[in-house]
Amino acid sequence: MVQDAFHIIMQAQADYARCIDDDRLENWPDYFDDPCIYKITTAANHREGLEAGIVFANSRGMLIDRVSALREANIYERHTYRHILGVPSILTQSGGGVRSETPFLVARIMRDGETDIFATGRYLDLYRFSDASAKLAERIVVCDSSRIDTLLALPL
Amino acid sequence: MSSNTAATQPLAWPEGLSRVPYWAFQRGDIYRDEQRLIFQGNCWNYLCLEADLAKPGDFRTTFVGDAPVIAARDADGEIYAFENRCAHRGALICLDDHGSNKKDFSCVYHAWTYDLKGNLIGVAFKDGVKGQGGMPATFRMEEHAPRKLRIALVHGLVFGSFSEEVPPIEEYLGDAIMARIERVLGGRAPVVLGRFTQVLPNNWKLYMENVKDSYHASILHLFFTTFEINRLSQKGAIIVDDSGGHHVSYSQIDRSAAPDTAYANQQIRSDSEYRLADPSLLQGFEEFPDGITLQILSVFPTFVLQQIQNAIAVRQIVPRGTGRTDLNWSILGYAHDTAEQRLVRLKQANLVGPAGYISMEDGCVGGFVQRGIAGSPEAQAVLEMGGVGADSSESRVTEASVRGFWKAYRAHLGF
């Protein structure tokens with residue numbers, strides 16, 4: 001089972017990253033269960049137990065709203081991400097799902113080509129399995145730094 | 001324009017308040033003057049929350065302009081602040097963001113030690129070793145200390161000033177601004193729910209202009225407008241204090257009013273059919289008896305208190321050079337929040353910050369200006385919406401509070 005969960009999560013995360021980096025944001029909420037928790041926070045806030053996120057959602061609907069706001073409401077300069085994901089560490093497995101932690105590095109490519117390391121951190125995940133697929137019941141994105149350059153538009 | 005040329009030619013500010021020369025956002029000499037005449041001049045600067053220094057021994061490092069500052073609560077229960085700069089050779093005294101149970105601060109370089117009031121209380125090897133070395137007999141510890149700041153407390157906000165001449169904070173802010181701080185923080189115990197720093201690619205004044213600009217709010221921010229959090233035609237007003245430097249912009253949703261057509265007629269992209277899949281984001285609770293659902297308040301030079309529905313935050317703006325600014329967000333709740341109310345705040349925090357539905361654009365637009373003006377230091381911004389004055393107004397289709405900022409700025413810089 002460990003082997004299976006590991007590979008299913010690897011595949012799910014690779015798909016998740018491609019979805020964002022290929023600008024198929026409309027599919028991004030599909031990687032989550034409903035209800036779900038998605039939060040982007042910082043290592044300092046996480047360590048100190050401060051609850052508020054830079055982004056916080058507790059339903060798939062709120063994730064859908066994120067995407068439609070980015071598409072229709074918010075104004076920002078065109079840019080893309082490149083997610084580089086590390087190998088997930090399976091932390092615990094139970095009937096409630098599988099908890100894992102995965103390090104990430106995200107480069108941001110602005111429309112003029114300027115490329116920076118935008119964020120590094122780790123995903124703290126709770127996956128739920130049905131059939132051969134895994135959905136995120138919870139993803140806490142813990143950014144290593146407390147500094148966000150200019151804005152955080154696209155999801156991590 | 002090279003700064004060498006500029007040094008020999010006194011800069012002239014255009015007449016009136018309706019023009020701002022772009023060199024004000026670009027020049028290193030102006031930036032240095034601001035540090036001296038504003039941040040270290042006759043101004044009150046936001047340092048931190050009282051809640052950050054709840055117990056004796058609590059401390060937090062912060063900034064007043066470029067100057068690093070330590071704020072701490074001493075064993076006597078009082079709050080003190082002093083420059084985070086060792087009186088010996090200038091190193092940072094404290095290398096932590098915050099902490100508790102502090103008895104003293106010891107510089108890592110040569111272990112010069114300070115109490116929580118900023119007094120020098122120890123110098124390593126002061127009397128030498130085995131009769132050799134040591135400080136001269138004339139050395140007096142009480143003659144050496146980092147600069148101390150005056151402290152003023154306003155409803156849980158801690159302000160500091162390097163100036164001995166700055167008026168008392170009540171006078172500095174005026175009654176109208178004091179009352180508007182009180183309606184959000186008075187008698188309530190704020191709790192920090194999260195902190196983030198947004199790094200802005202622009203001069204600090206471009207962010208302050210944006211905060212004070214009630215003209216842009218419902219045009220640039222579609223999210224604001226479509227969900228009727230803020231419509232210019234709704235009940236609301238701006239308050240500009242006599243100095244011009246402080247402002248309040250507020251609105252009250254009038255749910256009984258007929259939908260207005262001003263936006264549709266302007267063909268501004270603010271009007272859309274956009275609807276939320278999960279509207280719980282905006283389902284808040286009645287919190288303030290006056291029915292004000294939005295209040296943005298700024299204190300000159302670099303402090304913002306925000307209430308957008310139940311999303312409460314303070315913002316500290318820290319200049320980092322002519323073209324770079326740190327925007328420090330503290331997302332707040334209150335100690336008396338129920339679990340349901342706290343969840344509302346966590347959801348509504350999506351409105352603000354680096355990923356905020358209604359503040360995301362504010363992080364970029366200053367950079368658009370900074371880049372747009374790069375080749376035109378002598379050109380000028382035009383601030384004529386709502387006239388050329390800096391007075392309070394029942395209309396928010398005005399740049400009066402932006403002009404007010406420049407009125408106060410020029411008074412401090414002598415322009």
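Not measured: the values here are computed from a predicted model. Note on naming: letters A, B, ... go to the chains in the order of the sequence lines (proteins, then strands), and numbering restarts at 1 for each one.
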Check this for me: B/L95, atom CG, are more than 12 non-hydrogen atoms of other residues, nucleotides or ligands nearer than 6.0 Å? yes
Heavy-atom neighbours of A/R24 CZ exceed 12 at 6.0 Å: yes
Atom pair [atom1] ([X]) and [atom2] ([Y]), whose distance is rounded to the nearest 0.5 Å:
X: B/H98; Y: A/E48; atom1: NE2; atom2: CD; result: 3.5 Å
X: A/S146; Y: B/W329; atom1: OG; atom2: CH2; result: 15.5 Å
X: B/D278; Y: A/L63; atom1: CG; atom2: CG; result: 9.5 Å
X: A/R66; Y: B/L276; atom1: CZ; atom2: CG; result: 11.0 Å
X: A/L50; Y: B/R195; atom1: CG; atom2: CZ; result: 6.5 Å
X: A/E51; Y: B/I331; atom1: CD; atom2: CD1; result: 12.5 Å

What part of A/N45 gets within 4.5 angstrom of chain B, counting heavy atoms only: side chain, backbone, both, or neither? side chain
Answer with side chain, backbone, both or neither: which region of B/D326 has an atom nearer than 4.5 Å to a non-hydrogen atom of chain A? side chain
With a 4.5 Å limit on heavy-atom distance, are the side chains of B/E361 and A/Y76 in contact? no
Do the non-hydrogen side-chain atoms of A/N58 and B/L343 ever get within less than 4.5 Å of each other? yes
Considering all heavy atoms, the nearest [X]-[Y] contact:
X: A/N74; Y: B/G356; answer: ND2-O, 4.2 Å
X: A/G61; Y: B/A277; answer: O-CB, 3.7 Å
X: B/N350; Y: A/I54; answer: OD1-O, 4.5 Å

Where along residues 147-156 of chain A does a heavy atom come under 4.5 Å of chain B, listed by residue number? A/R147, A/I148, A/D149, A/T150, A/L151, A/L152, A/A153
Which residue out of B/A349, B/G333, B/G194, B/G366 racks up the most heavy-atom pairs below 4.5 Å with chain A? B/G194
Considering only heavy atoms and a distance below 4.5 Å, find which of A/G53, A/A44, A/G49 pairs most often with chain B. A/G53
Given the ring of A/F56, does B/R345 sit roughly above its face, with NZ or CZ under 6.0 Å from the centre of the six-membered ring and within 45° of the axis? no
